[in-house]
Each structure stands twice: as structure tokens, then as C-alpha cells.
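For clarity, every value in this text was computed on a predicted model and none was experimentally measured.
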Amino acid sequence: MDRSRDRLRQELANHFREELEGLRRQWVRQMRTNVVLRGLVPQEIEAEFVALHDACVNSLEAVKYEAAVVLARSLARRSVGRETPEHIIDGLLVLRDVHWQSLLKKYHADTDQLTKALALYSPVANRVLALVVRALLDEEKAVTTREIGQLRTLVKAGMVLSARLSLTAVLRRIANMACRVLNARYAALGVLDGKGGLSQFITAGLDEKTRQAIGALPVGKGILGVLVHEAKPLRLKDLTTDPRAHGFPPNHPPMKSFLGVPIVSKGKVFGNLYLTEKQGAEEFSEEDKALAMRLAAQAAIAIENARLYEDAGLAHELNNPLNTIAGFVEALQQRSQAKTLLASKEFEDFPRFLRMVQGEVDRAASIVRRLLDFARQREPSFCWVDLGRLISESVSLVDRQAALANKRILVQPVPRPIQAKADAQMLQQLLLNLLTNALDALEGAGEVRVALSTVARGRGAQGQHEIVQISVADNGCGIPPENLPKVFDPFFTTKEVGKGTGLGLPICQSIVEQHGGTIEVKSEGIGKGTTVTVTLPLDDK
């Protein structure tokens, strides 16, 4: 009996090998019908079929599953960031169907032999499928564990990078952090100079002696220049074989595996993060690339904060001469009131000129104060805040001024109190900025509508998650489509000179981000009003 089964087993294996090309065509056709092979090139399709087919046939022939185990582990590793488990499972299920159809065709005239063939083949196909599914689940669990660890590292990285440091110190911290988080031997961070090259190049992993021996630092050519010009992630197994590489200068340590990602914040590219020599693997993975992009996003915020911190020092320097000018103007204004000067025709315009100078000095001082507020980024002091009451209090501060200009502020009633952990002072500053912007957008009479609500978002481990939404909408002048992407850029404003500094919305964005929320500005265009929506997390009491 066993010999009979062995003969049939060998017969089936030989049959599948002989029919290889026909089975491949049928498998590809059925996979395309199921829209599973979208995005794969012919070489990848061929390699996938051969791997699945050989694993099943070898397992059938040898009654051993070593090849299937190797295949399962390989497919599981490939599934991370590249293919979905459903794609792999579909491939095996389609292959099983194709093999069954081939057996039906071969033994259609011998029902007894067909039954024996299917009874012999089916357990093998199901076993291979089970091994692959188990490997996928194990890999998914391992990835989840790694992601939790990486998330903790990223949170720590965010805390480290948020410290107020000079720009050079921040760049050095980012490069060192990237080496540790992504297990790279070397890392570097290049800052763009705005002319197609690099203004700074900070390295990690190289000692001072090696840096000195290398000589001049890169300026953004070769592989580094690819990221400078294309501003998109680049992953290479061996950068020395890439035709775009320019080679290394003398005394440069050897480097092969490479990963580079742009550092982007609010659509602006600050520079690029480069990593080489992945430790423990031949190349950086897709998972590494995703992690590097997350770290680069945090790095962009840290670089921007460092620049603002340096700008704050400049703001303080500007404040000193402004205060001096203001003092002299005040002294001149007092002297200009002397009767002898007022009686002189040559001096009759002096009081008006001095008032104009004083007004411009006050405006400049106001801009400096707003810049300092924007750069300080103080830590919020969280406590439970009644958002409805805070909105009412904020509206009351500007309502009278609005009424005098024939403008109305309407607050939508809230059916129940809504409380959130927040910094009340910072949220009031946020609301006043939004209300002031909305009132300024009204040309003549008009209205501003303020709404507060909670919105359910999905279900997590703790059940349904709620967020708070605060919207401030006006029926005023609106925002042209080409200006919408710029509204959070510091100093961008469409208001007339002397009326806006262009720091209101950037300050609002900073406050919202410190509270873990989001802010969005929408407008259908000129004359169609504007709506600003602030989303904040709602912690359970």
C-alpha cells in the first residue's frame, strides 16, 4: 500500500513538473482576474510562481516540509512593508486550485485514481498553506513588538530633540539618534543652502581623526546630490555600484548599504538624513525607511524650533534699539510742545511726524513681541478646562468691538459641558487669534459662527475614542486657492501693512500641536468665507 502511495506521489510530482509552463500561465491568468498581481513586474510574477510551485511539489515528493518552512519565512519577511498577507495567501490558494484542475484533467477518465490523487495532494497543499499563514502571523507579531519599541524610542527622541539648543547641536543630536534608532554604523545630516547644495554636513559614527583624514566635507554631489535634487527616499543595497555614485575620497571608510530620506516640514525641505552600513543585515529594509521618515519628521520640527530659538535671540537684539528709539521719540514729543517751537512755521509738522515715528516703533515692537511668543514654545500647563465656558469668555472679549463695527459673533449652543485637559491660557490665545482673523475677514457687516462638538473616532483597546472639534467660520472675503498652502508660514499675511504680522496662525498651529491636536483652514475661494477647524484629543476623566 505504501509503495503504491509512493509511486502515485512521484507520479504527481513528475506531472506537475512536466506541466510547469501551462500551470504558470493558468496561475497568472487567474491571479490577474482576481486583481492580485497589480504592481508586480513580470520577473517578480515568475519568481513568485516558481517559489510557491516548487515548495508544494518538493513537499509532496519528499513528504517533508523543510522547503515549505524556508519559503514561509522568506514570504513573511517580504510581506513587511511590501506585500500584504492576503496577496501571499491568495497566491497559494490559486495555486492549489490550478493543481486540482490539472489533476482533474489528467485523471478525468479514472475516478478512483483521481480520488486517490486528490487525497494525497490536498493535505500537502493545506499543510504548506498553514505553514505560510503561521509564519505571517509570527512575523506580524514580531513587527508589532518592534514597532512598540521603536515608538518608545521615537517618543524619547522627540523629547530629546525638543530641547532648546543651537541649530548645530540639534543637527548633531539628530544624526546620533538616527544611528541608534536604525542600527546604522554611520549617519549624516545635510542642510540645504537653497542653491542646490549643502550649507552644513553633520556626521555621526566617525571619530575626529577619521573626519580630519577625509578632508573637505561633501557639498551635495553623487548619491547625496540625488536626494538634494529629488527630495524623496532612496534605499540602496550597495551604493558603490550605483552609476550615480562619484566614489569616496582617500581615507574614507568603506560604505555599502545606504538609506537617505528628506527632512520636510509644512512642505518645505530643510535637508536630508543619510544612513550607511546597516548593522546585522546586508541592507536597510522598507521598515527602516518608514522609521527613518518618522524620525526625519521629528527632526524637521526640531530644526525649525532651533532656528526660531536663534531668531528669538535676534528679536531680543532688535528690541534694545527699538526701546532706545522709543525713549528718544517720547523726549522729542515733550519738547515739541514748547511754545517757541509751536510758534515757528518750520516746526509745525514736527508733532505729526513724531507721532508717525512713534506709531511705527510701536508696530515694530509688536512684531518683535509676536516673534518672541512664537519662538518661546513654552510647555503647556494642563488642567481640566470647560471648553464651552472658555469659548464664551473669549468671545466676550471681542464681542463689543465686533458689535460697534456691525459684525456678529454667533456661538452654537452645546447640549452638555465638554471638558478637556488643556492649558486654558494658551487655548484662549488660540481662540482670540482665530476670532480676530475671522472679524478682520468681514468686509463691512457679517457674522462669525463658533461651534464646539465631540466626534467619535473608531474603536481601540479601550473602546470608542472621542475628539473635540472647535470651528470658527466667517462669511467674509475668503482665501484664494493659491494662498491656502501658505497660511501657516511665519510672516505670510494678505492684510494691509500695519494690520497683520503673519504670526497669528503659526502661533495657533504651535499651540494646537503642543496639545496633540490638528488645525485645518478651508475656504472655497474669494468671497466665500473661511472655516478654521481645531481638533483636540479628549481624555477620559
Side-chain angles (χ1 to χ4, degrees), residues 150 153-154 156-158 160-161 163 165-193 195-231 233-242 244-264 269-285 287-289 291-300 302-303 306-307:
Q150 290 167 351
T153 304
L154 284 173
K156 182 179 179 182
V160 170
L161 295 177
L165 300 169
S166 69
L167 181 57
T168 301
V170 167
L171 298 179
R172 188 168 290 110
R173 280 197 174 189
I174 293 169
N176 288 326
M177 186 71 69
C179 274
R180 292 197 297 272
V181 172
L182 288 150
N183 201 23
R185 185 171 183 181
Y186 306 109
L189 198 146
V191 180
L192 302 184
D193 61 5
K195 302 175 183 177
L198 301 175
S199 62
Q200 286 180 279
F201 194 80
I202 306 296
T203 63
L206 295 173
D207 56 44
E208 187 58 33
K209 183 179 179 180
T210 305
R211 275 197 293 266
Q212 293 294 333
I214 293 174
L217 293 173
V219 293
K221 305 296 182 182
I223 292 296
L224 302 188
V226 174
L227 265 83
V228 171
H229 296 296
E230 296 185 1
L234 177 64
R235 187 170 62 92
L236 301 172
K237 186 174 183 179
D238 186 352
L239 64 89
T240 63
T241 62
D242 193 287
R244 297 167 292 184
H246 285 184
F248 296 114
N251 304 314
H252 196 288
M255 297 179 181
K256 291 182 65 177
S257 55
F258 174 86
L259 174 61
V261 295
I263 298 175
V264 184
V269 181
F270 285 110
N272 296 296
L273 177 62
Y274 310 104
L275 300 115
T276 60
E277 292 298 280
K278 172 71 174 180
Q279 302 297 286
E282 290 186 354
E283 61 181 318
F284 292 94
S285 65
E287 187 180 358
D288 289 330
K289 184 176 79 172
L291 184 58
M293 291 174 68
R294 282 182 242 162
L295 183 59
Q298 286 193 340
I303 292 171
R307 284 180 169 173

Heavy-atom check, side chain of Lys278 versus side chain of Asn183, under 4.5 Å | yes
Measure the spacing between CD of Glu277 and OG of Ser257 and express it to the nearest 0.5 Å.
-> 5.0 Å
Drop me the distance from Glu283's CD to Asp238's CG, to the nearest 0.5 angstrom.
-> 10.0 Å
Minimum heavy-atom distance Phe284-Phe258, with the two atoms named | CD1-C, 3.7 Å
Of the non-hydrogen atoms in Asn176 and Ala204, which two are nearest, and what is the gap between them?
-> OD1-CB, 3.2 Å
Those residues at least two apart in sequence (or on a different chain) that pass side chain to side chain donor-acceptor pair (under 3.5 Å) with Gln279 are none
Considering all heavy atoms of both residues, which atom of Phe201 and which atom of Ala188 are nearest to each other, and what is their separation?
-> CZ-CB, 3.4 Å
Roughly how far, to the nearest 0.5 Å, is the CE atom of Met255 from the OG1 atom of Thr240?
-> 12.0 Å
Taking only residues two or more places apart in sequence, or in another chain, which ones meet Ala178 in a side-chain contact (heavy atoms from CB on, under 4.5 Å)?
-> Ala187, Leu273, Leu275, Leu295
When rounded to the nearest 0.5 angstrom, what is the spacing between OH in Tyr186 and CG in Leu206?
-> 6.0 Å
Greater than 12 external heavy atoms within 6.0 Å of Met293's CE = no
What are the two closest heavy atoms between Leu182 and Ala292, and how far apart are they?
-> CD1-CB, 3.8 Å
With Ser285 via side-chain contact (heavy atoms from CB on, under 4.5 Å) - residues at least two apart = Glu287, Asp288
NZ/Lys289 to CG/Leu234 distance, rounded to the nearest 0.5 angstrom?
-> 9.5 Å
